[in-house]
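Reading through the C-alpha cells given below for one structure.
A note on names: the letters A, B, ... follow the listed sequences, proteins ahead of strands, and every chain is numbered from 1.
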Amino acid sequence: MPLMTLDEAIGTLVHEGDCVALEGFTHLIPFAAGHEIIRQRRRNLHLVRMTPDLIYDQMIGMGCARALSFSWGGNPGVGSLHRLRDAVENQWPQPLKLCEHSHAGLAAAYCAGAARLPFGVLRGYLDNDLAGHNPAVRRVACPFTGRQLAAVAAINPDVTILHAQTADRRGNVAIHGIVGAAREAALAAGRVIVTVEEIVDELAPAMNAIVLPHWVVTATVLCRGGAYPSYAQGHYQRDNAFYQRWDQISRDRAVFSDWMRQHVLQTRDHRAHLDGLRAAA
Amino acid sequence: MPLMTLDEAIGTLVHEGDCVALEGFTHLIPFAAGHEIIRQRRRNLHLVRMTPDLIYDQMIGMGCARALSFSWGGNPGVGSLHRLRDAVENQWPQPLKLCEHSHAGLAAAYCAGAARLPFGVLRGYLDNDLAGHNPAVRRVACPFTGRQLAAVAAINPDVTILHAQTADRRGNVAIHGIVGAAREAALAAGRVIVTVEEIVDELAPAMNAIVLPHWVVTATVLCRGGAYPSYAQGHYQRDNAFYQRWDQISRDRAVFSDWMRQHVLQTRDHRAHLDGLRAAA
Amino acid sequence: MNCTPDEYMTVAAARLLQGSQVCFVGIGLPSAACNLARLTHAPDLVLIYESGTIGTRPTVLPLSIGDGELALTATCVVPLPEVFSHYLQAGRVDVGFLGAAQIDRYGNLNTTVIGPYDAPHTRLPGAGGAPEIAAHARQTFVMLRATTRSCVEKLDFRTSAGYLDGHGARARSAAPGLGPRALITDFGMLAPHPLDDELQLSALFEGVSRDQARAAVGWPLRCADDVAAIAPPTAAELAVLRDLQQRTREAHQRPVSIPLG
Amino acid sequence: MNCTPDEYMTVAAARLLQGSQVCFVGIGLPSAACNLARLTHAPDLVLIYESGTIGTRPTVLPLSIGDGELALTATCVVPLPEVFSHYLQAGRVDVGFLGAAQIDRYGNLNTTVIGPYDAPHTRLPGAGGAPEIAAHARQTFVMLRATTRSCVEKLDFRTSAGYLDGHGARARSAAPGLGPRALITDFGMLAPHPLDDELQLSALFEGVSRDQARAAVGWPLRCADDVAAIAPPTAAELAVLRDLQQRTREAHQRPVSIPLG
C-alpha cells in the first residue's frame, strides 16, 4: 500500500467513466478528494453515495457525473442540493441518470458487494414506487418459506474513496466515530483510496476498533482537513454554518461556477483551498 | 433490563425444549450459565454453537440436549470432544440429532436471524457432502444474474446466553476482544441473558466498541469468572492446561460423571464451582 | 401562552412519547420533539439516528443526522447497515418519525418528486430511511405542516407506504408495523379511522376551528366522533424547548475554525 | 541436522510462503508453519485466524484458534461473520491451510466422519472454516501425516472440495480458488498433475525413498517427471521453530490462576 499525494492518487486510480463511491455518512466525507477529481476534470463518472451531500452537488454541477446511485439527496437540515436538482430537473450541465434506493436498500447493496455476493436481501421496498423506477431492485423467494423479499443488485465501485483520522506507515487505516457504510463501500471496491488527517508510526492497539488493513487499501494520502466542511471526530467539527451558506452559493449557476472556479479550480491543492476559505472568512 | 442472579435467570428464561445458543468464540464462553442449566436439569434442548467446546461436551454428556447445530465440534488444539462423540456414535446418554454447518454457513444463519430475514446467502457449500445432510442448506438463484448460491435457513434461538466483561447499571453490555458470532447470536434471539465480570455505574464512552444496548438484553447477571476455563480478555486468561486435562476427564463415562457430580451438580453456584477447582488444583 | 405553530406541533408530538420507547429519529421537527420529550417527561427514551448513533443524548439538536454531538453522547455507534438490519428490520424500533412533502388520506408519503419521476417539476431529496421505517417501526408519527399542496388527494410518487388503499390493506400486506398512528400538523392531529384507515381529524390545537383544518387538507376531511382539544404548550415545556432551540442556534452559528490543510 | 518429521513438514510448509501473502491459518502444524515463516524469511506475511484476528503476530503459538494472544497482537479483531464474508469470500486470502483425517488423490478432504454419516464409526470435529477456505483461498496447502488410512482411494465423506473428480472438474466448478497446490506430508510433497489434477509425488524429504512414499499412500502414487529433493531444515530454521515451540509449551503449561467467582 503506497503513500501517495492526492493528485497522484486521483490521477492514477480514478479513470474517466469509472464507478466511484466517496463515502462517509455526514462524518468523514472526502471533500478534498472530490475537489481533486474536479480539478483533474474526470468525466462520465457513475457516482455512488448514500447521501450525495455538498461534495456530489459540486461534482455534478461541475460536470463530472453521468449517473448517480444514492438514497437521500438533500443538504441535511438545510434543504435542497440545488446542483443535483438542476441536473435532474433541467439537465444542467448535462443529464444525470439516477439509480435511486432507500438507505436500507443501498446499504444492503454495499454489503453484498463487500461480501462479493451478486445481490443483497432485505425486507424492504414494500408497497412503494421505488422498485418500479430502479431495475437494481427485484424480488427473490426464500427457498425455505417461499416468502417474497426484496433483492438489490450488489454495488462494486471501481474506486471507493474515504477520509479517515489516522493511518500508520504500513497503510493500516483507523476510523473513529460515525462510519455509515464507508467500510462496506471500501471493501466492495476494486481500488481504495483513503485520505487521512495524520500518519503515525504505529496505530494504537485496535482490538475491536474500525480498521482497514493495509492490504485492503490501494493508496493512502496524507491530507489534513480533507473532510472539511464535513468533519473528523477528534480533529475538527462539522462547519454547519458553511452547510447553511452553501444553500445560497449553489442556488444560482453563475454564483456556483464562480465559487468553484475561485475555490477549487484555481487552487493548487486542498491546503490552498482551505487557505482561500480562511482568507475569505 | 433487570439484574438477576444466575439461577433466577436460567430458571425463568431457559425452558425445557428451548433452542438455546451459548456463544462466544473460544473467548467469553458462558461456562457458568451452562453449568447452571445442568444444575437445573433442563432437558431436550436444541443447542446451537459454532464450536460446541467443553461446555456443550458437558451439557450433552449430562443429557441436556436433543439436538445440536454446530460447525466444528472438537477440543481446540487438543482433539475430540469425547462426550459429543459418545452421543453421536453410541447415543449415550441419549441420541443427538445433528444440524451440521460450516463456519461460514452457521455465521450466515445467525446473521440472517439477527436481521430477521428467513435465510442467509453465501458462496459456500460448494461441491461437498454437507448440504446433502443438512436440510437447512438449499440453493437460491440470484434474481439478477441467475447465479446459483447457497442459502441457509435463519437461526433464531429462543434464548442466547453470552458472557461479557462489563455491564452498566442500566444493563448496557460491553464486549472487548474476540467476539465470534456472539453479537449476531444475541440479536437473533427471543431472549438474551448476559453474565458479566463486573457491573459499573456507567460504561466508558464507547463510540465504536461492541455494545449490546440495555433494551436488547433480557437479563444481566453478575458472575465473576463466568467464562472460566475459557477467558475474559483483561480479566483472566484461557486455562489451556485445563482444556488439555479435559481430554482425560471426558474420555470415560464414569470419570466424566464423577467430575460433573463433584464440580457442578454438588456445587451451589459458580463461585463454589471455582472454589472447588482451586482447592483441587 | 403564545407559541408558534411549530412549537405547538413539537410539544404535541413530544407528548405522544413515553417511558423507554425506542425512537428512530429524523432531523428537524421530529428531532426537536424526541429530545424535548427526553428532556421533560420521558428521560428514558432511547433515540436512534440513522447515522448509527444508538441511545444518543445530545445537548443541542444536530443539524445533520450525523453531527459529532450524536456520536459523543451515544451508548454506541454502529455501522449504518446494522441500524437498518439489526435494529429497524429486526423489529426493535417502537416509534418512527417521518416527514414528507406530500401525504394522502391513507397516510402514504411522498418525499421523491413533484411531477413525473423522469421529468420532475421538483426533485425532492428522496427516500432515505423512510420506506423501511414506515414498514418496520411498530408505529410511526408523521409531522407535516398542512396545506392543500402537502395533504393531497393523490401522491405524485409513493415513497413510503402508510395504509395503502385503506380498508385494512396494510394489515394484509407484508409490513410488520402498525403504520402512521398520528399525523401531527400545524392545526392539530389526524388519526386513522379504525375501519377504513382514512386519516381523520382527531384533535385540534386551541383556537383552531374544524373549518380551518378542512381548508388546510386537500381531501374532504372527516372528523372523528370525538375531536379532542390539544392543550397548548405549558410554560415549562416551552421553556425547555426554547432553551434547546437557543442552544442549538448558537451552536450552529458558532464559527468553526477551518482546519489547516 | 536431526529433526522430527513434524519439524521437517513445518519447515517445508513455511518455505512455501513468501512476501506479504495473506494466510488463513488453522491450529496445529499450519499455525507453526506460518509463524515460522513470519519469524524467518517472510516477516510481512499477514496471518488471519478464523476467530477474527487479522494481521496477528503471536509470540507463542495459540492452543485454540482464539487465544487472547492473537487478539492482543492483531491489527484488528473483526466479528467472525466478517472474516468469512468480507475477507475469505471476497477473495482477499492468498493461502489457506487445511488439515484432514482423509484426503483422496484429487485433494478432496474429509474432516467429518469415518463410516456412514448417520452411524459413524468415528465422529470427527467437522467442517469449521475448511469448506469455504478450500473454495475461496487463491490456493490451499494441505498438511497431513500420510498413512494408507489418511491418504485413501475413497473418502467416507467429502467435507471440502479439492479437484473433485480431476481432469479440470474444479476449474469448471463455481469455486474461485485454484485448489490444493501442495500436500505436505511426513515424507515429502505431492502436487496436482497439470492435466488430470491427480496428486503425485513432487518432492521428497532427504533419506526417504519413492517406495516409502508409495507405501504411505492408499492410492497408486504416481511420480512427477522430476521429483525434487527438499533440503532438510537448516540449523537456523530449526532453532527458530524449536524456540517457538518451547515458548509455546511453557506458556500452555503455565498455571493460570482460576478466577474468584
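Here the straight-line distance linking atom CD of B/Glu100 with atom OH of D/Tyr117 works out to 3.5 Å at 0.5 Å rounding. Rounding to the nearest 0.5 angstrom, the gap separating the CG atom in B/Leu130 from the OG atom in D/Ser160 is 7.5 Å. Within the model, atoms CZ of B/Arg85 and OG1 of D/Thr122 stand 5.0 Å from one another, a figure rounded to the nearest 0.5 Å. One distance of note links CG of D/Leu72 with CD1 of B/Ile178; it measures 9.0 Å at 0.5 Å rounding.
Remark: the D/Glu50 side chain and the B/His103 side chain contain an N/O donor-acceptor pair separated by less than 3.5 Å. A donor-acceptor contact closer than 3.5 angstrom is absent between the side chains of D/Glu132 and B/Tyr125.
B/Arg224 places no side-chain N or O within 3.5 Å of a backbone atom of D/Pro259 that could act as its donor or acceptor partner. Judged by distance alone, with hydrogens and angles left aside, the side-chain atoms of B/Arg271 form no donor-acceptor pair with the main-chain N or O of D/Leu260 at under 3.5 Å.
Proximity to chain D (any heavy atom under 4.5 Å) is shown, for B/His235, by neither the backbone nor the side chain. Only the side chain of B/Cys111 comes within less than 4.5 Å of a heavy atom in chain D; its backbone stays farther off. Looking at B/Gln244, only its side chain comes within 4.5 Å of chain D, counting heavy atoms on both sides. D/His136 touches chain B through its side chain: at least one heavy atom from C-beta onward sits under 4.5 Å away, while N, CA, C and O do not.
The two residues D/Ala127 and B/Trp72 have their closest heavy-atom pair at C-CD1, 4.2 Å. D/Pro131 approaches B/Ser102 most closely through the heavy-atom pair CG-CB, 3.9 Å. Counting all heavy atoms, side chain and backbone alike, B/Thr26 lies closest to D/Asp67 at CG2-N, 4.3 Å.
Per-residue heavy-atom pair counts under 4.5 Å with chain D were compared for B/His270, B/His27, B/Glu89, and the maximum is reached by B/Glu89. Contact count against chain B (heavy-atom pairs under 4.5 Å) is highest for D/Ser64 among D/Ala71, D/Gly129, D/Ser64.
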Could you walk me through whether B/Arg238 and D/Val256 pass side chain to side chain contact (heavy atoms under 4.5 Å, CB included), step by step?
-> CA-CA 7 Å; B/Arg238 189 173 192 269; D/Val256 167; over 6 Å; no
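Of the residues B/Asp86, B/Leu96, B/Leu81, B/Leu98, the one that meets the side chain to side chain contact (heavy atoms under 4.5 Å, CB included) test with D/Arg123 is B/Leu98.
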